[in-house]
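Only one structure is covered here, and it is reproduced in the block below.
The sequence lines fix the lettering, A, B, ..., with proteins before strands; numbering per chain opens at 1.
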Amino acid sequence: MKKTHVLILLPLMLLLAACGTPQDAGSWPGVSLNEDASVAYVAYGPHVYAVQTTNGAEAWRFPAESGAFNSYAPVQAGPDGNLLVSGYDHVFYSLDADTGSQQWAFNAGGNRYIGSALAVGQLVYAPNSDHKLYALDNRGNLQWSFTTGEPIWSQPASDGSTLYVASMDHMLYALDAQSGEQLWSLDLGGTTVSNPLLGPDGTLYVGTLAQSVAAVDTTRGQIAWTTDTEGWVWGEAALVDDLLVIGDLEGYLYALDAASGRQVWRGQTNGAITGAPTWFQDSLYVINEAGSLYAFSLDGRSRQLALPESYAGALYGTPVAAGELLLLGLNGNDSVLIALDSSGSVVWSFTPES
Amino acid sequence: MLEFIIVPFTNVLVWIYNLLGENFGLAIIVFTILIRLVTYPFNAQQIKSAKAMQELQSNPKWKAMQQKYKGAEHREKLAQEQMKLYQEMGINPFGACLPTLLQLPLLFAMYWTVMRALAATPLQLLNFARGISLPNAAELIPLNAQFLWMDLGQPERLNIPGIPFGIPVLAILVMITSYFQSKMMTPTSSDDQGAQMGRMMNLYMPLLMAYISYIYAAGLALYFVTSNVLSIVQYYFMRVRPAAASANTPGTAK
């Protein structure tokens with residue numbers, strides 16, 4: 001190639017590279033477990049990995065070879081023990097839980113599936129960024145869809161008969177779980193990306209980016225209470241007895257009285273919290289963007305557990321308790337999953353072989 | 001790396017978006033005009049340098065030099081003589097290149113600003129949350145990415161009934177405007193290597209810009225088109241119009 005061509009092409013190629021690739025990684029590992037906690041599923045970029053929780057060995061991966069597939073939302077159990085996978089490639093998948101082989105795929109979604117799906121009875125509800133919630137039967141056939149004003153990033157919640165869908169259009173929708181008919185809707189006052197949590201008494205708890213946590217009386221379709229937070233609320237809440245615990249992007253962890261929303265205590269961490277606290281070995285464990293792991297007791301006392309330097313990096317999402325182990329998905333590390341004991345020591349790590 | 005540019009860019013872009021009734025397309029156009037105003041002195045310098053280089057091509061000394069040092073064996077000597085002439089005439093041969101180099105970080109920053117503001121993924125929205133300082137930002141999210149027929153966060157295609165594929169209108173507009181802009185800005189060179197370089201630039205640059213517009217978010221392509229059009233307009237007012245005016249002035253030597 002002539003020198004002049006090289007002189008021109010080089011900066012142009014640099015220009016292309018600097019803009020990144022059209023399919024940039026857009027999220028963090030989504031970790032979930034099978035029913036008996038013997039297998040952990042990690043959805044992270046081009047693969048979903050099934051990892052044995054006893055030793056961190058890979059059981060299978062989907063797909064076998066990297067391609068257009070991308071997924072980040074925690075994999076969910078389907079109606080027949082199948083696995084429901086939300087794809088960034090605009091495709092919603094069902095996998096065989098034992099082998100990871102594809103059973104069916106739903107291709108009609110118009111955009112990314114960012115939130116996890118939910119299965120109720122024989123129906124599967126898949127939220128999509130094309131503003132729609134798709135209700136599918138367990139063969140991937142569309143039963144109905146419900147359109148909101150903006151993308152839906154959060155997983156729906158349900159009591160079995162009513163479905164609660166929080167959309168980025170600031171609204172919470174209550175739908176008939178079978179027909180998809182809208183029962184009521186409620187303005188939450190801000191965009192919602194966090195998964196709503198349905199309490200045993202039918203109260204629904206949800207955080208918003210408008211720096212608030214709302215409790216919704218689902219029998220009347222009205223706000224029961226709201227509590228302001230310092231930062232945007234991204235992660236899901238956890239309910240421990242009468243205490244509602246939720247984090248925000250300023251790094252605060254709030255313990256609220258679930259009945260009134262009154263703040264019982266507030267703890268502080270050193271980075272943005274994007275997931276729910278997890279109840280593990282008598283403490284609430286929470287991770288943050290600064291790469292820190294904290295354990296909070298129910299009275300608000302906290303201790304920070306140091307992770308080994310080799311696993312340093314931002315931590316997003318929710319820690320997952322698997323028996324005696326606490327599983328953390330790692331972002332931007334060779335290892336994508338580590339298992340810790342209650343002292344914070346790494347029991348095993350899972351690094352996918354390329 | 002470019003956070004120091006992306007963060008203020010994002011804040012200004014979202015502020016304009018809010019001001020313009022939540023129209024992201026108009027916000028990008030107004031924001032591009034603002035960027036062109038801020039970088040006006042650099043762009044003006046580029047046009048002046050290009051003009052000076054073009055005039056140099058018709059300078060008798062320059063022509064004589066080209067004749068005298070013809071051939072590969074005299075290339076070094078020719079370069080030395082050319083440098084002397086540049087100094088003599090007060091021309092900076094890199095004057096036309098430096099503003100282009102300034103445009104590159106702006107272009108990268110603009111791409112990331114658009115992607116971050118539209119926040120189509122959780123990490124983009126987190127980055128947006130970290131950098132935004134407008135008090136009502138949370139109320140504006142998600143930003144409305146629709147502009148005319150386009151989703152500004154996705155590569156643009158115009159679907160016309162009866163045509164089985166989407167037409168990349170913005171990418172075509174980017175190619176056309178980039179071609180004219182590049183053609184205007186590239187000085188005509190009388191030496192072979194310079195002329196070839198200019199031809200390559202005029203060919204590759206529009207193709208590359210069109211390709212970027214074809215595969216990346218439409219918001220970036222809208223920035224390209226607006227920026228190119230403004231550049232052409234600026235060139236017209238700085239070079240074409242004054243030249244025509246002076247040519248039409250009675251008594252002006254031709």
Item to check | Spacing of CG belonging to A:N111 relative to CG belonging to B:D151, to within rounding of 0.5 Å | outcome: 7.5 Å
Item to check | Contact class of A:I114 relative to chain B, heavy atoms under 4.5 angstrom | outcome: side chain
Next on the checklist: What I'd like to find out is whether the side chain of A:Y316 reaches to under 4.5 Å of the side chain of B:L126, using heavy atoms alone.
Outcome noted: yes
Item to check | Over 12 foreign heavy atoms within 6.0 Å of OH, B:Y179 | outcome: no
Checklist entry - How far apart are the closest heavy atoms of A:W234 and B:P122, and which atoms are they? => result CH2-O, 3.4 Å
Checklist entry - How many angstroms lie between atom CD1 of B:I141 and atom OG1 of A:T192, to the nearest 0.5 angstrom? => result 11.5 Å
Next on the checklist: At a 4.5 Å cut-off on heavy atoms, which part of B:A119 comes close to chain A: side chain, backbone, both, or neither?
Outcome noted: backbone
Item to check | Over all atoms of both residues, closest heavy-atom pair of A:H170 and B:E139 | outcome: CE1-O, 3.4 Å
Checklist entry - Heavy atoms, side chains only, cut-off 4.5 Å: are B:I132 and A:W232 in contact? => result yes
Item to check | B:F180, CZ atom: more than 12 neighbouring heavy atoms under 6.0 Å | outcome: no
Checklist entry - What's the spacing between A:T191 OG1 and B:L140 CG if we round to 0.5 Å? => result 9.5 Å
Checklist entry - With sequence neighbours excluded, what pairs up with A:E289 under the salt bridge (Lys or Arg N to Asp or Glu O under 4.0 Å) test? => result B:R130
Next on the checklist: Checking B:F31 now: which residues fulfil ring pair (Phe, Tyr, Trp, His ring centres under 6.0 Å) with it, not counting sequence neighbours?
Outcome noted: B:F9
Item to check | Heavy-atom neighbours of A:W225 CH2 exceed 12 at 6.0 Å | outcome: yes
Checklist outcome for this item: Interface check, chain A: of B:A217, B:P142, B:A137, B:P155, most non-hydrogen pairs under 4.5 Å belong to B:P142
Checklist entry - Would one find more than 12 heavy atoms of other residues, nucleotides or ligands at under 6.0 Å from atom CG of A:D334? => result no
Item to check | Enclosure of B:Y214 OH (heavy-atom neighbours >12, cutoff 6.0 Å) | outcome: no
Checklist entry - Looking at side-chain heavy atoms only, is the closest gap between A:E150 and B:N144 below 4.5 Å? => result no
Checklist entry - Side chain, backbone, both or neither: which part of A:T208 has a non-hydrogen atom closer than 4.5 Å to chain B? => result neither
